[in-house]
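This report concerns only the one structure given below.
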2 protein chains.
Amino acid sequence: MTRSEENYLKAIFHLGNGEPGPITTNAIAEQMETKPSSVTDMAKKLAEKGLVHYKKYQGISLTDSGTRTALSIIRKHRLWEVFLVKKLDFTWDEVHEVAEQLEHIKSEKLIDKIDALLDFPKYDPHGDPIPTKDGKFMERDKQLLSDMPINTQGVCVGVKDSSAPFLKFLDKNKIALGNTIKILDKEDFDQSLQILMEGKELRISHQIASNLYVKKND
Amino acid sequence: MTRSEENYLKAIFHLGNGEPGPITTNAIAEQMETKPSSVTDMAKKLAEKGLVHYKKYQGISLTDSGTRTALSIIRKHRLWEVFLVKKLDFTWDEVHEVAEQLEHIKSEKLIDKIDALLDFPKYDPHGDPIPTKDGKFMERDKQLLSDMPINTQGVCVGVKDSSAPFLKFLDKNKIALGNTIKILDKEDFDQSLQILMEGKELRISHQIASNLYVKKND
DNA sequence: ACCTATTTTTAGTTTTGTCTAAATTTTAAT
DNA sequence: ATTAAAATTTAGACAAAACTAAAAATAGGT
Ligand SMILES: [Mn+2]
Ligand SMILES: [Mn+2]
Ligand SMILES: [Mn+2]
Ligand SMILES: [Mn+2]
(Lines give C-alpha, C1' and ligand atoms only; values in the text may rest on other atoms or scores of the structure.)
(Ligands and ions follow the chains in the order given, each with its own letter.)
Protein backbone atom coordinates (compact mmCIF):
# COMPACT_ATOMS: atom_id res chain seq x y z
CA MET A 1 0.00 0.00 0.00
CA THR A 2 1.60 3.26 -1.13
CA ARG A 3 1.17 6.60 0.61
CA SER A 4 -0.80 7.91 -2.33
CA GLU A 5 -3.18 4.96 -2.32
CA GLU A 6 -3.74 5.43 1.40
CA ASN A 7 -4.53 9.11 0.92
CA TYR A 8 -7.06 8.32 -1.79
CA LEU A 9 -8.82 5.75 0.38
CA LYS A 10 -9.00 8.21 3.25
CA ALA A 11 -10.41 10.93 1.00
CA ILE A 12 -13.03 8.60 -0.45
CA PHE A 13 -14.03 7.50 3.03
CA HIS A 14 -14.45 11.06 4.25
CA LEU A 15 -16.45 12.08 1.22
CA GLY A 16 -18.66 9.01 1.47
CA ASN A 17 -19.26 9.31 5.19
CA GLY A 18 -22.86 10.36 5.55
CA GLU A 19 -23.66 10.30 1.85
CA PRO A 20 -24.66 6.91 0.53
CA GLY A 21 -23.80 5.78 -2.99
CA PRO A 22 -20.67 6.33 -5.01
CA ILE A 23 -18.40 9.39 -4.87
CA THR A 24 -17.71 11.42 -7.98
CA THR A 25 -14.33 11.76 -9.63
CA ASN A 26 -14.46 15.52 -9.36
CA ALA A 27 -15.25 15.48 -5.65
CA ILE A 28 -12.22 13.32 -4.97
CA ALA A 29 -10.04 15.48 -7.17
CA GLU A 30 -11.10 18.58 -5.27
CA GLN A 31 -10.57 16.97 -1.87
CA MET A 32 -7.11 15.73 -2.84
CA GLU A 33 -6.16 18.92 -4.63
CA THR A 34 -5.37 16.98 -7.76
CA LYS A 35 -6.84 16.61 -11.25
CA PRO A 36 -9.81 14.42 -12.20
CA SER A 37 -7.67 12.50 -14.68
CA SER A 38 -5.33 11.50 -11.86
CA VAL A 39 -8.30 10.27 -9.87
CA THR A 40 -9.44 8.11 -12.77
CA ASP A 41 -5.97 6.57 -12.98
CA MET A 42 -5.95 5.81 -9.28
CA ALA A 43 -9.52 4.50 -9.35
CA LYS A 44 -8.41 1.84 -11.81
CA LYS A 45 -5.46 0.88 -9.69
CA LEU A 46 -7.50 0.67 -6.49
CA ALA A 47 -10.23 -1.31 -8.24
CA GLU A 48 -7.56 -3.70 -9.50
CA LYS A 49 -6.52 -4.27 -5.89
CA GLY A 50 -10.07 -4.80 -4.71
CA LEU A 51 -10.14 -1.66 -2.57
CA VAL A 52 -12.84 0.24 -4.45
CA HIS A 53 -15.82 -0.45 -6.67
CA TYR A 54 -15.35 1.39 -9.92
CA LYS A 55 -17.26 1.37 -13.17
CA LYS A 56 -16.50 3.98 -15.80
CA TYR A 57 -18.60 7.12 -15.36
CA GLN A 58 -20.35 5.51 -12.40
CA GLY A 59 -18.33 6.96 -9.55
CA ILE A 60 -16.21 5.29 -6.91
CA SER A 61 -17.01 3.63 -3.59
CA LEU A 62 -14.99 1.69 -1.06
CA THR A 63 -15.18 -2.08 -0.83
CA ASP A 64 -15.19 -3.66 2.61
CA SER A 65 -11.47 -4.14 2.31
CA GLY A 66 -11.04 -0.49 1.26
CA THR A 67 -13.14 0.68 4.17
CA ARG A 68 -11.07 -1.34 6.60
CA THR A 69 -7.88 0.14 5.23
CA ALA A 70 -9.25 3.69 5.31
CA LEU A 71 -10.36 3.24 8.92
CA SER A 72 -6.94 2.01 9.92
CA ILE A 73 -5.34 5.13 8.43
CA ILE A 74 -7.89 7.37 10.14
CA ARG A 75 -7.30 5.55 13.39
CA LYS A 76 -3.59 6.22 13.11
CA HIS A 77 -4.13 9.85 12.15
CA ARG A 78 -6.36 10.57 15.11
CA LEU A 79 -4.28 8.65 17.64
CA TRP A 80 -1.19 10.59 16.56
CA GLU A 81 -3.13 13.82 16.94
CA VAL A 82 -4.03 12.89 20.50
CA PHE A 83 -0.43 11.93 21.18
CA LEU A 84 0.86 15.26 19.92
CA VAL A 85 -1.58 17.22 22.08
CA LYS A 86 -1.45 15.12 25.25
CA LYS A 87 2.18 14.13 25.33
CA LEU A 88 4.00 16.82 23.42
CA ASP A 89 1.91 19.93 24.14
CA PHE A 90 1.00 20.64 20.55
CA THR A 91 -2.04 22.85 20.11
CA TRP A 92 -5.05 21.46 18.27
CA ASP A 93 -4.39 23.66 15.27
CA GLU A 94 -0.86 22.28 14.79
CA VAL A 95 -1.47 18.56 14.85
CA HIS A 96 -3.18 17.82 11.58
CA GLU A 97 -0.24 18.54 9.31
CA VAL A 98 2.13 16.33 11.29
CA ALA A 99 -0.47 13.57 11.65
CA GLU A 100 -0.82 13.56 7.86
CA GLN A 101 2.75 12.29 7.79
CA LEU A 102 2.67 10.05 10.85
CA GLU A 103 -0.47 8.21 9.71
CA HIS A 104 1.59 6.47 7.02
CA ILE A 105 4.14 4.90 9.36
CA LYS A 106 3.89 1.16 8.99
CA SER A 107 4.05 -0.63 12.31
CA GLU A 108 1.10 -2.29 13.94
CA LYS A 109 2.97 -2.49 17.21
CA LEU A 110 3.77 1.21 17.17
CA ILE A 111 0.21 2.40 16.89
CA ASP A 112 -1.07 -0.12 19.44
CA LYS A 113 1.55 1.07 21.91
CA ILE A 114 0.66 4.71 21.28
CA ASP A 115 -2.99 3.79 21.83
CA ALA A 116 -2.12 2.16 25.18
CA LEU A 117 0.17 5.04 26.21
CA LEU A 118 -2.76 7.41 25.71
CA ASP A 119 -5.09 5.09 27.63
CA PHE A 120 -7.20 4.18 24.60
CA PRO A 121 -8.76 7.55 23.82
CA LYS A 122 -12.17 7.59 22.14
CA TYR A 123 -11.93 11.00 20.49
CA ASP A 124 -9.24 13.07 18.85
CA PRO A 125 -8.48 16.72 19.74
CA HIS A 126 -11.16 17.93 17.32
CA GLY A 127 -13.83 15.68 18.81
CA ASP A 128 -13.72 13.13 16.01
CA PRO A 129 -14.14 9.50 17.07
CA ILE A 130 -11.15 7.16 16.88
CA PRO A 131 -11.95 3.86 15.15
CA THR A 132 -11.04 0.78 17.15
CA LYS A 133 -8.37 -1.67 16.03
CA ASP A 134 -11.05 -3.81 14.42
CA GLY A 135 -12.56 -0.89 12.55
CA LYS A 136 -15.50 -0.09 14.78
CA PHE A 137 -16.40 3.51 14.41
CA MET A 138 -18.86 5.24 16.66
CA GLU A 139 -20.06 8.66 15.72
CA ARG A 140 -21.06 10.64 18.76
CA ASP A 141 -24.57 11.91 19.31
CA LYS A 142 -24.07 15.55 18.45
CA GLN A 143 -25.54 18.37 16.41
CA LEU A 144 -24.44 21.65 14.99
CA LEU A 145 -24.85 24.56 17.38
CA SER A 146 -26.66 26.39 14.60
CA ASP A 147 -29.30 23.66 14.46
CA MET A 148 -30.21 23.83 18.14
CA PRO A 149 -33.26 25.71 19.43
CA ILE A 150 -33.19 28.53 21.95
CA ASN A 151 -32.72 27.62 25.60
CA THR A 152 -31.14 24.23 25.00
CA GLN A 153 -28.05 23.48 27.02
CA GLY A 154 -25.14 21.25 26.15
CA VAL A 155 -21.41 20.72 25.87
CA CYS A 156 -19.07 21.53 22.98
CA VAL A 157 -17.84 18.22 21.62
CA GLY A 158 -16.41 18.87 18.19
CA VAL A 159 -15.67 21.06 15.24
CA LYS A 160 -16.84 20.61 11.68
CA ASP A 161 -14.19 22.85 10.16
CA SER A 162 -10.88 21.85 11.68
CA SER A 163 -8.71 24.27 9.75
CA ALA A 164 -6.00 26.04 11.72
CA PRO A 165 -7.51 29.51 11.27
CA PHE A 166 -10.87 28.43 12.68
CA LEU A 167 -9.27 26.59 15.61
CA LYS A 168 -7.09 29.59 16.42
CA PHE A 169 -10.16 31.79 16.31
CA LEU A 170 -11.90 29.53 18.81
CA ASP A 171 -8.85 29.66 21.09
CA LYS A 172 -8.83 33.43 20.93
CA ASN A 173 -12.46 33.51 21.98
CA LYS A 174 -11.94 30.92 24.73
CA ILE A 175 -14.19 28.43 23.05
CA ALA A 176 -12.91 24.94 23.76
CA LEU A 177 -14.21 21.39 23.63
CA GLY A 178 -15.75 20.39 26.94
CA ASN A 179 -17.14 23.85 27.57
CA THR A 180 -20.75 24.06 28.70
CA ILE A 181 -23.00 26.07 26.47
CA LYS A 182 -26.54 27.44 26.60
CA ILE A 183 -28.33 29.22 23.78
CA LEU A 184 -29.92 32.42 25.07
CA ASP A 185 -31.14 34.03 21.89
CA LYS A 186 -31.13 33.82 18.11
CA GLU A 187 -30.98 36.92 15.96
CA ASP A 188 -33.26 36.52 12.94
CA PHE A 189 -31.44 39.12 10.91
CA ASP A 190 -28.01 37.47 10.66
CA GLN A 191 -28.73 34.23 12.54
CA SER A 192 -26.10 35.09 15.11
CA LEU A 193 -26.46 33.58 18.57
CA GLN A 194 -26.31 34.96 22.05
CA ILE A 195 -24.87 32.18 24.20
CA LEU A 196 -23.75 31.46 27.71
CA MET A 197 -20.42 29.64 27.69
CA GLU A 198 -18.90 28.53 30.96
CA GLY A 199 -20.92 31.24 32.69
CA LYS A 200 -19.87 34.03 30.36
CA GLU A 201 -22.21 35.60 27.82
CA LEU A 202 -21.02 36.05 24.26
CA ARG A 203 -22.29 36.56 20.75
CA ILE A 204 -21.44 34.08 18.02
CA SER A 205 -21.88 34.42 14.25
CA HIS A 206 -23.77 31.86 12.21
CA GLN A 207 -20.51 31.07 10.45
CA ILE A 208 -19.06 29.91 13.77
CA ALA A 209 -22.23 28.25 15.07
CA SER A 210 -22.51 26.15 11.95
CA ASN A 211 -19.03 24.72 12.54
CA LEU A 212 -19.35 23.80 16.20
CA TYR A 213 -20.80 20.50 17.36
CA VAL A 214 -22.69 20.35 20.63
CA LYS A 215 -24.01 17.42 22.62
CA LYS A 216 -27.35 18.27 24.15
CA ASN A 217 -27.73 17.68 27.87
CA ASP A 218 -30.29 15.00 28.59
CA MET B 1 14.44 17.03 0.31
CA THR B 2 13.05 13.65 -0.72
CA ARG B 3 13.20 10.51 1.37
CA SER B 4 15.60 8.93 -1.07
CA GLU B 5 17.95 11.92 -0.96
CA GLU B 6 17.93 11.80 2.81
CA ASN B 7 18.78 8.12 2.80
CA TYR B 8 21.70 8.67 0.47
CA LEU B 9 23.10 11.46 2.63
CA LYS B 10 22.83 9.28 5.70
CA ALA B 11 24.57 6.39 3.96
CA ILE B 12 27.39 8.64 2.75
CA PHE B 13 27.82 10.05 6.22
CA HIS B 14 28.06 6.62 7.79
CA LEU B 15 30.53 5.38 5.22
CA GLY B 16 32.64 8.51 5.53
CA ASN B 17 32.65 8.53 9.30
CA GLY B 18 36.15 7.54 10.26
CA GLU B 19 37.51 7.33 6.75
CA PRO B 20 38.70 10.62 5.33
CA GLY B 21 38.40 11.42 1.64
CA PRO B 22 35.63 10.64 -0.79
CA ILE B 23 33.42 7.56 -0.73
CA THR B 24 33.23 5.25 -3.72
CA THR B 25 30.16 4.69 -5.83
CA ASN B 26 30.26 0.98 -5.20
CA ALA B 27 30.47 1.37 -1.43
CA ILE B 28 27.35 3.51 -1.42
CA ALA B 29 25.55 1.11 -3.72
CA GLU B 30 26.33 -1.77 -1.41
CA GLN B 31 25.28 0.13 1.71
CA MET B 32 22.01 1.21 0.13
CA GLU B 33 21.38 -2.17 -1.49
CA THR B 34 21.05 -0.55 -4.87
CA LYS B 35 23.04 -0.49 -8.12
CA PRO B 36 26.10 1.69 -8.80
CA SER B 37 24.35 3.32 -11.73
CA SER B 38 21.60 4.53 -9.43
CA VAL B 39 24.21 6.00 -7.13
CA THR B 40 25.76 7.93 -10.00
CA ASP B 41 22.37 9.38 -10.88
CA MET B 42 21.77 10.47 -7.30
CA ALA B 43 25.30 11.84 -6.95
CA LYS B 44 24.58 14.26 -9.77
CA LYS B 45 21.32 15.34 -8.23
CA LEU B 46 22.83 15.88 -4.79
CA ALA B 47 25.80 17.76 -6.28
CA GLU B 48 23.34 19.97 -8.13
CA LYS B 49 21.76 20.83 -4.80
CA GLY B 50 25.08 21.53 -3.13
CA LEU B 51 24.83 18.61 -0.75
CA VAL B 52 27.80 16.59 -1.99
CA HIS B 53 31.06 17.14 -3.78
CA TYR B 54 31.11 15.01 -6.88
CA LYS B 55 33.51 14.79 -9.80
CA LYS B 56 33.17 11.95 -12.24
CA TYR B 57 35.22 8.93 -11.21
CA GLN B 58 36.49 10.84 -8.16
CA GLY B 59 34.05 9.58 -5.55
CA ILE B 60 31.52 11.40 -3.44
CA SER B 61 31.79 13.37 -0.20
CA LEU B 62 29.39 15.49 1.81
CA THR B 63 29.54 19.27 1.73
CA ASP B 64 29.02 21.15 4.98
CA SER B 65 25.39 21.53 4.05
CA GLY B 66 25.13 17.81 3.27
CA THR B 67 26.76 16.93 6.57
CA ARG B 68 24.33 19.12 8.48
CA THR B 69 21.40 17.48 6.76
CA ALA B 70 22.75 13.97 7.36
CA LEU B 71 23.27 14.75 11.05
CA SER B 72 19.74 16.01 11.41
CA ILE B 73 18.38 12.76 9.96
CA ILE B 74 20.63 10.71 12.22
CA ARG B 75 19.53 12.80 15.19
CA LYS B 76 15.91 12.07 14.39
CA HIS B 77 16.57 8.38 13.83
CA ARG B 78 18.31 7.94 17.17
CA LEU B 79 15.87 10.04 19.16
CA TRP B 80 12.99 8.01 17.80
CA GLU B 81 14.83 4.82 18.74
CA VAL B 82 15.15 6.07 22.31
CA PHE B 83 11.49 7.05 22.34
CA LEU B 84 10.39 3.62 21.19
CA VAL B 85 12.45 1.88 23.86
CA LYS B 86 11.84 4.24 26.78
CA LYS B 87 8.23 5.22 26.21
CA LEU B 88 6.73 2.34 24.27
CA ASP B 89 8.68 -0.66 25.57
CA PHE B 90 10.12 -1.70 22.25
CA THR B 91 13.18 -3.91 22.48
CA TRP B 92 16.46 -2.65 21.02
CA ASP B 93 16.27 -5.11 18.16
CA GLU B 94 12.86 -3.81 17.01
CA VAL B 95 13.46 -0.09 16.85
CA HIS B 96 15.69 0.38 13.83
CA GLU B 97 13.14 -0.58 11.20
CA VAL B 98 10.50 1.78 12.58
CA ALA B 99 13.02 4.58 13.10
CA GLU B 100 13.96 4.26 9.43
CA GLN B 101 10.46 5.51 8.69
CA LEU B 102 10.08 8.02 11.53
CA GLU B 103 13.36 9.76 10.73
CA HIS B 104 11.76 11.23 7.60
CA ILE B 105 8.89 12.99 9.36
CA LYS B 106 9.22 16.68 8.70
CA SER B 107 8.55 18.76 11.80
CA GLU B 108 11.22 20.58 13.72
CA LYS B 109 8.87 21.06 16.64
CA LEU B 110 8.04 17.37 16.80
CA ILE B 111 11.61 16.17 17.19
CA ASP B 112 12.48 18.91 19.66
CA LYS B 113 9.51 17.93 21.82
CA ILE B 114 10.46 14.26 21.62
CA ASP B 115 13.98 15.25 22.66
CA ALA B 116 12.61 17.14 25.67
CA LEU B 117 10.17 14.36 26.60
CA LEU B 118 13.14 11.99 26.74
CA ASP B 119 15.14 14.46 28.81
CA PHE B 120 17.69 15.12 26.08
CA PRO B 121 19.33 11.72 25.84
CA LYS B 122 22.96 11.56 24.71
CA TYR B 123 22.95 8.02 23.36
CA ASP B 124 20.56 5.77 21.51
CA PRO B 125 19.64 2.22 22.58
CA HIS B 126 22.65 0.83 20.72
CA GLY B 127 25.09 3.22 22.40
CA ASP B 128 25.42 5.52 19.41
CA PRO B 129 25.69 9.23 20.19
CA ILE B 130 22.78 11.53 19.35
CA PRO B 131 23.86 14.67 17.48
CA THR B 132 22.68 17.91 19.05
CA LYS B 133 20.22 20.22 17.32
CA ASP B 134 23.12 22.24 15.95
CA GLY B 135 24.88 19.17 14.59
CA LYS B 136 27.46 18.60 17.32
CA PHE B 137 28.39 15.00 17.42
CA MET B 138 30.45 13.49 20.19
CA GLU B 139 31.77 10.02 19.73
CA ARG B 140 32.25 8.31 23.06
CA ASP B 141 35.62 7.07 24.28
CA LYS B 142 35.22 3.36 23.66
CA GLN B 143 36.95 0.39 22.12
CA LEU B 144 36.08 -3.02 20.83
CA LEU B 145 36.10 -5.70 23.47
CA SER B 146 38.29 -7.75 21.18
CA ASP B 147 40.96 -5.04 21.24
CA MET B 148 41.28 -4.91 25.01
CA PRO B 149 44.05 -6.67 26.92
CA ILE B 150 43.55 -9.28 29.63
CA ASN B 151 42.54 -8.06 33.06
CA THR B 152 41.10 -4.72 31.95
CA GLN B 153 37.75 -3.80 33.39
CA GLY B 154 35.03 -1.67 31.87
CA VAL B 155 31.40 -1.19 30.97
CA CYS B 156 29.53 -2.25 27.83
CA VAL B 157 28.56 0.93 26.04
CA GLY B 158 27.68 -0.01 22.50
CA VAL B 159 27.41 -2.47 19.65
CA LYS B 160 29.15 -2.31 16.29
CA ASP B 161 26.74 -4.69 14.58
CA SER B 162 23.25 -3.59 15.50
CA SER B 163 21.38 -6.16 13.45
CA ALA B 164 18.39 -7.77 15.11
CA PRO B 165 19.92 -11.27 15.21
CA PHE B 166 23.03 -10.03 17.00
CA LEU B 167 21.00 -7.98 19.48
CA LYS B 168 18.71 -10.90 20.21
CA PHE B 169 21.73 -13.09 20.74
CA LEU B 170 23.08 -10.61 23.28
CA ASP B 171 19.71 -10.58 25.07
CA LYS B 172 19.68 -14.35 25.22
CA ASN B 173 23.11 -14.31 26.83
CA LYS B 174 22.17 -11.54 29.25
CA ILE B 175 24.66 -9.15 27.71
CA ALA B 176 23.30 -5.61 27.93
CA LEU B 177 24.63 -2.07 27.70
CA GLY B 178 25.63 -0.80 31.12
CA ASN B 179 26.88 -4.19 32.25
CA THR B 180 30.29 -4.30 33.94
CA ILE B 181 32.83 -6.48 32.26
CA LYS B 182 36.28 -7.83 33.06
CA ILE B 183 38.46 -9.81 30.70
CA LEU B 184 39.79 -12.89 32.48
CA ASP B 185 41.48 -14.76 29.68
CA LYS B 186 42.04 -14.86 25.93
CA GLU B 187 42.24 -18.13 24.04
CA ASP B 188 44.99 -17.99 21.42
CA PHE B 189 43.48 -20.76 19.32
CA ASP B 190 40.14 -19.13 18.41
CA GLN B 191 40.59 -15.75 20.12
CA SER B 192 37.59 -16.40 22.32
CA LEU B 193 37.42 -14.61 25.65
CA GLN B 194 36.68 -15.70 29.16
CA ILE B 195 34.97 -12.76 30.83
CA LEU B 196 33.31 -11.75 34.05
CA MET B 197 30.07 -9.94 33.35
CA GLU B 198 28.05 -8.56 36.24
CA GLY B 199 29.70 -11.11 38.49
CA LYS B 200 29.04 -14.11 36.26
CA GLU B 201 31.71 -15.86 34.22
CA LEU B 202 31.10 -16.62 30.59
CA ARG B 203 32.90 -17.40 27.35
CA ILE B 204 32.54 -15.18 24.35
CA SER B 205 33.58 -15.84 20.75
CA HIS B 206 35.80 -13.44 18.83
CA GLN B 207 32.85 -12.82 16.53
CA ILE B 208 30.93 -11.39 19.48
CA ALA B 209 33.86 -9.59 21.11
CA SER B 210 34.64 -7.75 17.90
CA ASN B 211 31.12 -6.31 17.82
CA LEU B 212 30.85 -5.09 21.41
CA TYR B 213 32.14 -1.70 22.49
CA VAL B 214 33.48 -1.25 25.98
CA LYS B 215 34.49 1.85 27.92
CA LYS B 216 37.56 1.11 30.02
CA ASN B 217 37.35 2.03 33.69
CA ASP B 218 39.78 4.82 34.57
C1' DA C 1 54.16 0.91 -21.48
C1' DC C 2 50.62 -2.35 -22.15
C1' DC C 3 47.00 -5.22 -21.08
C1' DT C 4 43.34 -6.71 -18.10
C1' DA C 5 40.16 -6.60 -14.35
C1' DT C 6 37.50 -3.55 -11.82
C1' DT C 7 34.99 0.52 -11.19
C1' DT C 8 32.17 3.96 -12.83
C1' DT C 9 29.35 6.23 -16.04
C1' DT C 10 26.11 6.49 -19.88
C1' DA C 11 22.13 5.23 -22.51
C1' DG C 12 17.91 3.48 -22.68
C1' DT C 13 13.77 1.31 -19.98
C1' DT C 14 10.45 0.74 -16.24
C1' DT C 15 7.12 2.04 -12.59
C1' DT C 16 4.50 5.31 -9.97
C1' DG C 17 2.02 9.23 -9.80
C1' DT C 18 1.17 13.24 -11.76
C1' DC C 19 -0.13 16.59 -15.57
C1' DT C 20 -2.41 18.76 -20.13
C1' DA C 21 -5.16 18.49 -24.00
C1' DA C 22 -8.41 16.09 -26.54
C1' DA C 23 -12.17 12.87 -26.88
C1' DT C 24 -16.15 10.80 -24.93
C1' DT C 25 -20.08 10.22 -21.99
C1' DT C 26 -23.55 11.98 -19.06
C1' DT C 27 -26.66 15.62 -17.51
C1' DA C 28 -29.72 19.15 -17.85
C1' DA C 29 -32.08 22.71 -20.34
C1' DT C 30 -34.67 24.13 -24.06
C1' DA D 1 -35.49 15.15 -29.14
C1' DT D 2 -31.69 18.23 -29.64
C1' DT D 3 -28.14 20.48 -28.02
C1' DA D 4 -25.04 22.77 -24.86
C1' DA D 5 -22.59 22.31 -20.59
C1' DA D 6 -20.37 19.63 -17.30
C1' DA D 7 -18.12 15.55 -15.88
C1' DT D 8 -15.23 11.89 -16.94
C1' DT D 9 -11.99 9.21 -19.43
C1' DT D 10 -8.22 8.54 -22.71
C1' DA D 11 -3.88 9.51 -24.85
C1' DG D 12 0.42 11.18 -24.52
C1' DA D 13 3.98 13.48 -21.75
C1' DC D 14 6.95 14.18 -17.71
C1' DA D 15 9.73 13.74 -13.31
C1' DA D 16 11.61 10.74 -9.76
C1' DA D 17 13.92 6.79 -8.71
C1' DA D 18 15.07 2.65 -9.85
C1' DC D 19 16.99 -1.04 -13.26
C1' DT D 20 20.04 -3.55 -17.26
C1' DA D 21 23.39 -3.60 -20.66
C1' DA D 22 27.02 -1.39 -22.87
C1' DA D 23 30.73 1.97 -22.99
C1' DA D 24 34.39 4.46 -20.82
C1' DA D 25 37.78 5.35 -17.34
C1' DT D 26 40.83 3.87 -13.81
C1' DA D 27 44.05 0.89 -11.35
C1' DG D 28 47.24 -3.00 -10.95
C1' DG D 29 50.31 -6.34 -12.57
C1' DT D 30 53.58 -7.66 -15.76
MN1 LIG E 1 -6.49 15.76 11.27
MN1 LIG F 1 -8.60 15.44 13.95
MN1 LIG G 1 19.02 2.43 13.82
MN1 LIG H 1 20.68 3.00 16.76
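Scope of the values below: all heavy atoms of this structure, side chains included, with no hydrogens, waters or symmetry mates. Sequence lines set the chain letters: A, B, ... in the order given, protein chains first and strands last, and positions in each chain run from 1.
Between A/R75 and A/D112 a salt bridge is recorded (basic side-chain N to carboxylate O distance below 4.0 Å).
A/T24 and A/N26 share no donor-acceptor pair across their side chains, judged by distance under 3.5 Å alone. Side-chain polar atoms of B/Q31 and B/H14 form no donor-acceptor pair below 3.5 angstrom.
The nearest whole Å value for the distance from the CD1 atom in A/I60 to the P atom in D/dA7 is 15 Å. For A/N26 and D/dT9, the CG to C1' distance is 12 Å, given to the nearest whole Å. Atom CE in B/M42 sits about 17 Å away from atom P in C/dT8, given to the nearest Å. Distance A/R3 CZ to C/dT18 P: 12 Å, rounded to the nearest Å. For the pair B/E30 CD and C/dT7 C1', the interatomic distance rounds to 13 Å; values are reported in whole Å. A straight line from CD of A/E6 to P of C/dT16 spans 16 Å, rounded to a whole angstrom. One interatomic measurement links the two molecules: CE of B/M1 to C1' of D/dA16, which rounds to 15 Å at whole-angstrom precision. When rounded to the nearest whole Å, the span between CG of B/N7 and C1' of D/dA16 equals 14 Å.
Atoms OH and CG, from A/Y8 and A/L46 in turn, are 8.5 Å apart once rounded to the nearest 0.5 Å. In this structure, A/S146 OG and A/L193 CG are separated by 7.5 Å, a value rounded to the nearest 0.5 Å.
OP1 or OP2 of C/dT10 has not a single side-chain nitrogen or oxygen of B/T40 nearer than 4.0 Å. Under 4.0 angstrom from either OP1 or OP2 of C/dT18 there lies at least one side-chain N or O belonging to A/S4. Between B/K44 and the phosphate of C/dT9, there is no side-chain N or O to OP1/OP2 separation shorter than 4.0 Å.
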>> Each nucleotide in nucleotides 19-29 of chain D should get exactly one letter: B, S or -. Can you fill that in based on protein heavy atoms under 4.0 Å?
In response: BB---BSS---

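Cation-pi check for A/R140 over A/Y213 is not met; the charged atom does not lie both under 6.0 angstrom from the ring centroid and within 45 degrees of its normal.
Here ring-ring contact (aromatic ring centres under 6.0 Å, His included) pairs that include residues 34-91 of chain A, with residues two or more places apart or in two chains, are A/H77-A/H96, A/W80-A/F83, A/F83-B/F83.
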